[in-house]
Amino acid sequence: MSVLNHSRKSAGGGLFAAGRHRERNSDEGIIPLINVVFLLLIFFMLAGKLSQIDPFEVTPPDSASESLPDGSTLTVLVGADGRIAFDGKPMELGALPAALEAHARDGAVLRLKADQQAEADRVIEVMESLRAAGIEKLSLLTTKTGTGE
């Protein structure tokens, strides 16, 4: 019996040394691809919130201004029907100064995004409420004429 085992051994010392080719499972090549796809999916789910969604539709008026708004993220919305929202939360005009109190002390620049169909009196009321809350700098957001952006 030892003669039989000795004859099957190759010069490399192992039983399968001569034929070192192992059959490759076809699933082995796709597992790293699946891992990468899941990692990308998790990354985009975590980093995917690019901008805050407005609580209601607001279409700003057109403007010929070439300047871009600053990087401020504090936005007050005024809808066509007069509704108001701050920081993505709908609220009444009377509650706006209290919500802005902490930001006014920081000297933050606030953005006002009013619908082009909103009544001018309502927008002025909101601006006066912002001034009463201590906001000194305000950017009025508009769309560039002819672009719809």
Side-chain angles (χ1 to χ4, degrees), residues 9-120 122-149:
K9 286 186 179 179
S10 65
L15 290 175
F16 300 102
R20 290 191 182 226
H21 298 294
R22 206 176 92 199
E23 253 188 66
R24 189 172 178 137
N25 189 351
S26 62
D27 292 340
E28 287 180 9
I30 199 157
I31 290 174
L33 178 65
I34 292 171
N35 290 339
V36 169
V37 169
F38 278 122
L39 286 173
L40 287 173
L41 178 68
I42 290 170
F43 170 76
F44 285 114
M45 285 173 54
L46 294 175
K49 188 176 180 182
L50 299 176
S51 65
Q52 186 173 1
I53 297 173
D54 295 338
F56 46 86
E57 183 68 29
V58 174
T59 306
D62 293 335
S63 171
S65 175
E66 294 293 326
S67 64
L68 297 174
D70 61 352
S72 174
T73 58
L74 299 173
T75 305
V76 175
L77 301 175
V78 179
D81 56 357
R83 291 184 293 170
I84 297 172
F86 172 65
D87 201 23
K89 298 174 194 117
M91 61 179 51
E92 296 297 321
L93 183 61
L96 191 59
L100 291 167
E101 186 177 329
H103 303 292
R105 281 183 262 143
D106 297 338
V109 177
L110 194 70
R111 299 186 306 177
L112 178 62
K113 184 176 180 182
D115 194 280
Q116 63 185 356
Q117 300 298 320
E119 293 184 18
R122 182 63 171 177
V123 175
I124 291 171
E125 284 177 0
V126 171
M127 292 172 74
E128 288 174 353
S129 178
L130 295 174
R131 185 181 315 154
I135 299 295
E136 296 177 3
K137 296 181 182 179
L138 180 69
S139 295
L140 183 62
L141 298 181
T142 59
T143 57
K144 198 172 181 183
T145 304
T147 63
E149 294 178 13

As an exercise, state the distance from [atom1] of [X] to [atom2] of [Y], rounded to the nearest 0.5 Å.
| X | Y | atom1 | atom2 | value |
| --- | --- | --- | --- | --- |
| Leu138 | Leu74 | CG | CG | 11.5 Å |
| Leu140 | Leu110 | CG | CG | 11.0 Å |
| Arg111 | Leu77 | CZ | CG | 9.5 Å |
| Asn35 | Leu40 | CG | CG | 11.0 Å |
| Phe38 | Leu33 | CZ | CG | 10.5 Å |
| Leu41 | Ile34 | CG | CD1 | 13.0 Å |

Query raised in the report: Do Val123 and Leu112 come close enough that some side-chain heavy atom pair is under 4.5 Å?
Result: yes

Query raised in the report: Is Asp115 close to Val78 at the side-chain level, that is, under 4.5 Å between some pair of heavy atoms?
Result: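 Of all side-chain heavy-atom pairs linking Asp115 with Val78, none is under 4.5 Å.
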
Requested in this report: With sequence neighbours excluded, tell me which residues meet side chain to side chain contact (heavy atoms under 4.5 Å, CB included) with Ile124.
Outcome: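 So Ile124 forms a side chain to side chain contact (heavy atoms under 4.5 Å, CB included) with Glu128.
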
Query raised in the report: Where is the tightest heavy-atom contact between Gly79 and Ala118, given as atom of each residue plus distance?
Result: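 Looking at all heavy atoms of both residues, the closest pair is O-CB, 3.5 Å.
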
Query raised in the report: Within a radius of less than 6.0 Å around CE of Met127, do more than 12 heavy atoms belonging to other residues, nucleotides or ligands occur?
Result: no

Report task. With sequence neighbours excluded, tell me which residues meet salt bridge (Lys or Arg N to Asp or Glu O under 4.0 Å) with Glu125. Result -> Arg122

